Chemist: 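What follows is a structure written as structure tokens; I'll ask about it next.
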Amino acid sequence: MISAVTLAMRIVSFFHYRFDSDEPQHLHVAWGWTAGLLQYRDVFDNHAPLFHMATAPLLRLLGERADILLWMRAPMVLLWLIVVACTYAVARRLYDVRIAIWSVVLLNVLPPFFLKSIEFRTDNLWNAFWMLAIAALLLRRRSMGTFFLAGLLLGCAFSVSLKTMLLLFTLVSAAAITWFMRRRGRGAGVRAGLLAAFALGFAIVPALIAGYFIARGAWPDLVYGAFRFNGLVAGHRPPLVVWVPRLCYIPMMYVVFRKAWQYRARTTDARYFFAVATGIFFATLFSFWILISPRDFLPFLPFLTIFFVAAVARGKHFLPAVIVLAVASLVGVGYYAEWLSNGTREFITMENQLLNVSRPGELVMDYKGELIYRRRPHYFILEFITRNAIARGLIADTVPEDLVRTRCHIAQADGTQWPVRARVFMNANFIDLGRLRVSGQWLQADGRFTIAIPGDYVILDKNGEASGALDGTPYRGSRALERGVHRFAGGKERMACVWAPAYSRGFSPFHLRDLDF
């Protein structure tokens, strides 16, 4: 019953769960590959590139469509199935079929896993590679081939997300503690050949990617986007907020060591290793991660569920405890998914408007790639790290200059994510058409208006193009206007100056296109 309800909720959520802002960001980077642009150099990104490189062919095949994110969520179903299958296999290897089944059931109702595994995001491919690597190490005989395969899979994970370094640290630390507590003196150390095979496998995919970017002269861009830019995140927090969790790492690791000592002879090597690894992972994550989000928990949620189920399975109230947790988790899913109401329509509407108001090759200004199929005039995406870096003077807010320089006439609607200078400039020099806006202004009472971005413009009233004189000459339709103050004489209705291509494509500030069409 729980599984049936969970599956039904997952199907509805696939189509209704609102798009996270990271989803179009990732898709815009993938689109860059289809458009012949080079990640980091031509399209800003602060993630490792393998996810975007891998999904670009499917995006190219599907073409430009407003509901593209629903289609691009489809591969996430396959990645979800891989994680679920690996969780079952690992749980069965560590315990038995009963534990494995209930571990899978509980994993799928946990809100972070349920919701994040639906979204089009790097974390799902990252988690799938991680779980495949664990399954390879745990389910196959220990050999150079097994260690090479595990290393190769983790190298792929590293090429998807640099957070793999935390996973490697966790594995190495757990292996060291396991050896010290349980295997020391019994001649069970890992042979150097196995470690060499693992290291070789791990290096292959990152080396190929590095070589690709080096060959194209974009290695400095990759280093800045994937490494140096992310380092800016530490600067927005007060030193006390950063260092208190780090100081707590010592007592947290003391607890891990103490539990490891207490249970050193009570279970199997594999259970012991992964229990220690789980403790190390969460202690390190909470101590050293500056920005913690639910997606960061994904790699060890399977192990949390496995050990929880195994622990309560020994008690008399196993089934009630599992059912209560599952129901509570599904309620949490419903709450965070807004009770499965359709939250995708606004985004699809915006993409519809983009595809109708713009043409390939025209630039658009958005926060972080939401207007997927067009290049942005400003290099940096305007997410949390960038906005804080701009506020601290580490990155310049050049959005107004970039809009003028590139003659970008289309932008996303107003919102709090815009930097101050950018927001003031666009509110003054762009005019709403619905979910998007284009360059232009409402005319003042005396007919004056200002053009900030040169281009072709039309003068409109509620009935269409107005009649009168523009800058002292008869107005007969679209006219090229340069930067500066202009004046229109004629008519007493409210009028607007609007970027001419938008009007010719069916848009007007008097008739907002705020619904799907």
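What you are looking at is a predicted structure, and each value in this text was computed from that prediction instead of being measured.
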Chemist: Using residues 211-222 as the side-chain source, report each donor-acceptor pair under 3.5 Å to any protein atom, sequence neighbours left out, with the distance given to one decimal.
Modeler:
from	atom 1	to	atom 2	distance (Å)
Y212	OH	R216	NE	3.3
R216	NH1	Y212	O	3.2

Chemist: Which residue pairs pass the ring-ring contact (aromatic ring centres under 6.0 Å, His included) test when at least one of the two sits in residues 120-139, sequence neighbours left out?
Modeler: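 As it turns out, the ring-ring contact (aromatic ring centres under 6.0 Å, His included) pairs with a partner in residues 120-139, which skip direct neighbours, are F51-F120, W130-F300.
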
Chemist: Closer than 3.5 angstrom, by distance alone: can the side chain of D432 be matched with the main-chain N or O of R435 as a donor-acceptor pair?
Modeler: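 Not confirmed, D432 side chain does not pair with R435 backbone.
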
Chemist: In chain order, what residues pass the side chain to side chain donor-acceptor pair (under 3.5 Å) check against W289, with sequence neighbours excluded?
Modeler: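 Residues passing side chain to side chain donor-acceptor pair (under 3.5 Å) with W289: none at all.
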
Chemist: Can you tell me how far the CG atom of L330 sits from the CG atom of N108, to the nearest 0.5 Å?
Modeler: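 Rounded to the nearest 0.5 Å, the CG-CG separation comes to 10.0 Å.
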
Chemist: Report yes or no: does N124 contribute a side-chain atom to a donor-acceptor pair with the main-chain N or O of M76 at less than 3.5 Å?
Modeler: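 No: the side chain of N124 does not pair with the backbone of M76.
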
Chemist: Kindly say whether F380 contributes a backbone atom to a donor-acceptor pair with the side chain of R376 at under 3.5 angstrom?
Modeler: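 Checked: pair present.
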
Chemist: Kindly indicate whether a cation-pi arrangement holds for R18 with F347, taking the cut-offs as under 6.0 Å to the six-membered ring centre and within 45° of the axis.
Modeler: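 Output no; distance or angle outside limits.
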
Chemist: Show the numbers, then the answer: is there a side chain to side chain donor-acceptor pair (under 3.5 Å) between S439 and R407?
Modeler: CA-CA 10 Å; S439 57; R407 298 203 173 192; over 6 Å; no

Chemist: Show me the donor-acceptor pairs, under 3.5 Å and distance only, between side chains in residues 358-365 and residues at least two apart or in other chains.
Modeler:
from	atom 1	to	atom 2	distance (Å)
S358	OG	L354	O	2.6
S358	OG	R374	NE	3.0
S358	OG	R374	NH2	3.4
R359	NH1	N356	O	3.1
E362	OE1	R359	N	2.9
E362	OE1	R505	NH1	3.0
E362	OE2	R505	NH1	3.4
E362	OE2	R505	NH2	3.0

Chemist: Got a sec, which residues hit ring-ring contact (aromatic ring centres under 6.0 Å, His included) with F198, two or more places apart in sequence or on another chain?
Modeler: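 In terms of ring-ring contact (aromatic ring centres under 6.0 Å, His included), with neighbours along the sequence ignored, F198 is linked to no residue.
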
Chemist: Kindly say whether the aromatic ring centers of Y40 and W33 come within a distance under 6.0 Å.
Modeler: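 Centroid separation for Y40 and W33: 6.0 Å or greater.
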
Chemist: Can a salt bridge be assigned to the pair D123 and K116 using a cut-off of 4.0 Å between side-chain N and carboxylate O?
Modeler: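 Not counted as a salt bridge, because no side-chain N and carboxylate O are separated by less than 4.0 Å.
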
Chemist: Give a yes or no answer on whether the side chain of H378 reaches the backbone of Y367 with a donor-acceptor pair at less than 3.5 Å.
Modeler: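 Answer holds: no.
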
Chemist: Sequence neighbours left out, what passes side-chain contact (heavy atoms from CB on, under 4.5 Å) with H47? Give chain and number order.
Modeler: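 H47 satisfies side-chain contact (heavy atoms from CB on, under 4.5 Å) with Q25, H26, D45, H52, T122 once adjacent residues are dropped.
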
Chemist: Would the F114 and Y336 ring centres measure less than 6.0 Å apart?
Modeler: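 No, too far apart.
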
